[in-house]
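Below is one structure, written out as structure tokens, with a few remarks after it.
Naming: A, B, ... by sequence-line order, numbering from 1 per chain. What you see is a predicted model; the values in this text were computed from it and never measured.
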Amino acid sequence: MTTPEWPLFEVFIRSKQGLDHKHCGSLHAADAAMALRMARDVYTRRQEGVSIWVVPSIAITASDPDSKDEMFDPAADKIYRHPTFYRLPDEVDHM
Amino acid sequence: MHGSTQHIEYLLRLADNPLVLGQRLAEWCGHGPALEEDLALTNIALDLIGQARLVLSHAGRLEGRGRDEDAFAFRRDAGEFRNCTMLELPNAGANAGGAADADYAVTIVRNFLFSSFQALQWEALAASADGELAAIAVKSLKETRYHVHHAAEWTIRLGDGTDLSHARVERALAGLWPYAAEFFAADAVDRALADARIGVEPASLEAPWRAGVAEVLHEATLEVPVASKFRSTGKFGVHGEHLGYVLAEMQFLQRAYPGGQW
């Protein structure tokens, strides 16, 4: 007899208000509600978060590591695409 | 400020419930049915032990005889413990086996029945005339609401799950239900503290507890068990056979190396 494995969920945590949710890991759960509760217990025990998202891993379409060269390398020498030639006022943080 | 003997007794009843259940839940550490649940149970165990520490420390200060939380937890014998009997039962249930037979349905149903009661208790105690106790209640209530949520969710999943999970959670409920009556038992201590607006009359929590529990059991497709005449008496210091084993493990280190610190 094989035991059916619970599906995998990816967990995203917002560490404080105003910041974005960041991927922090994955876990197995029977459904999304259980995944959310388990994410709380597995990933926010040390006050890591104020908000949690869980997403079925199966819902994520990922780029193929084998096509990494053609996907990302062509951007390497296009320095003019970076907005680094502007002088920013001091008041503008986090650019 | 010094507290009356009844006040201390009342605090021990409040503290020993989470202390003993926390110890029982800690037995699951490393043995949970899934990694995520293992962590959830240890989180809950630590919440409960934390609640017990706060109340025991408070009791020690009120008593004014130099006893701290450790003295209460590790140097009292079974007859001085004031937890309800349900909480000292083995994880396998009232009538069965040792640690190897631990039954997750028993743990879930016990957590559900007790945390549903404890949440009502903390809610009422948040208005206690004992300011320190009121503050502990406010802090603990958030934790306990989560414990209710966790256990209720699993009760529903298991009850409304497969034939096997339904049968096991039904058996766990039937075994534990008679012990829940003790939550609402009262004596002169309970009445005196309720009159002083420090404590809460246990009987006043029974109707809301029944309503909340019945709602979840209904969703879990479980029947509310019929009342039994059985009455456990742990909160009055008369325990079953199991508490001694809990204390043997919990107190071993402080008994073998009194005052040991690490």
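- A:A29 does not touch chain B: none of its heavy atoms, backbone or side chain, sits under 4.5 Å away.
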All donor-acceptor atom pairs under 3.5 Å, backbone and side chain, chain A-chain B:
{"from": "A:H28", "atom 1": "N", "to": "B:E36", "atom 2": "OE2", "distance (Å)": "3.0"}
{"from": "A:D31", "atom 1": "OD1", "to": "B:R157", "atom 2": "NH2", "distance (Å)": "2.8"}
{"from": "A:D31", "atom 1": "OD2", "to": "B:R157", "atom 2": "NH1", "distance (Å)": "3.0"}
{"from": "A:D31", "atom 1": "OD2", "to": "B:R157", "atom 2": "NH2", "distance (Å)": "3.1"}
{"from": "A:R37", "atom 1": "O", "to": "B:Y146", "atom 2": "OH", "distance (Å)": "3.3"}
{"from": "A:R37", "atom 1": "NE", "to": "B:E153", "atom 2": "OE2", "distance (Å)": "3.2"}
{"from": "A:R37", "atom 1": "NH2", "to": "B:E37", "atom 2": "OE2", "distance (Å)": "2.9"}
{"from": "A:D41", "atom 1": "O", "to": "B:N43", "atom 2": "ND2", "distance (Å)": "3.3"}
{"from": "A:D41", "atom 1": "OD1", "to": "B:N43", "atom 2": "ND2", "distance (Å)": "3.0"}
{"from": "A:D41", "atom 1": "OD2", "to": "B:Y146", "atom 2": "OH", "distance (Å)": "2.9"}
{"from": "A:R45", "atom 1": "NE", "to": "B:N43", "atom 2": "OD1", "distance (Å)": "2.7"}
{"from": "A:R45", "atom 1": "NH2", "to": "B:N43", "atom 2": "OD1", "distance (Å)": "3.3"}

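- Residue-level contacts of residues 58-72 of chain A with chain B do not occur; threshold 4.5 Å between heavy atoms.
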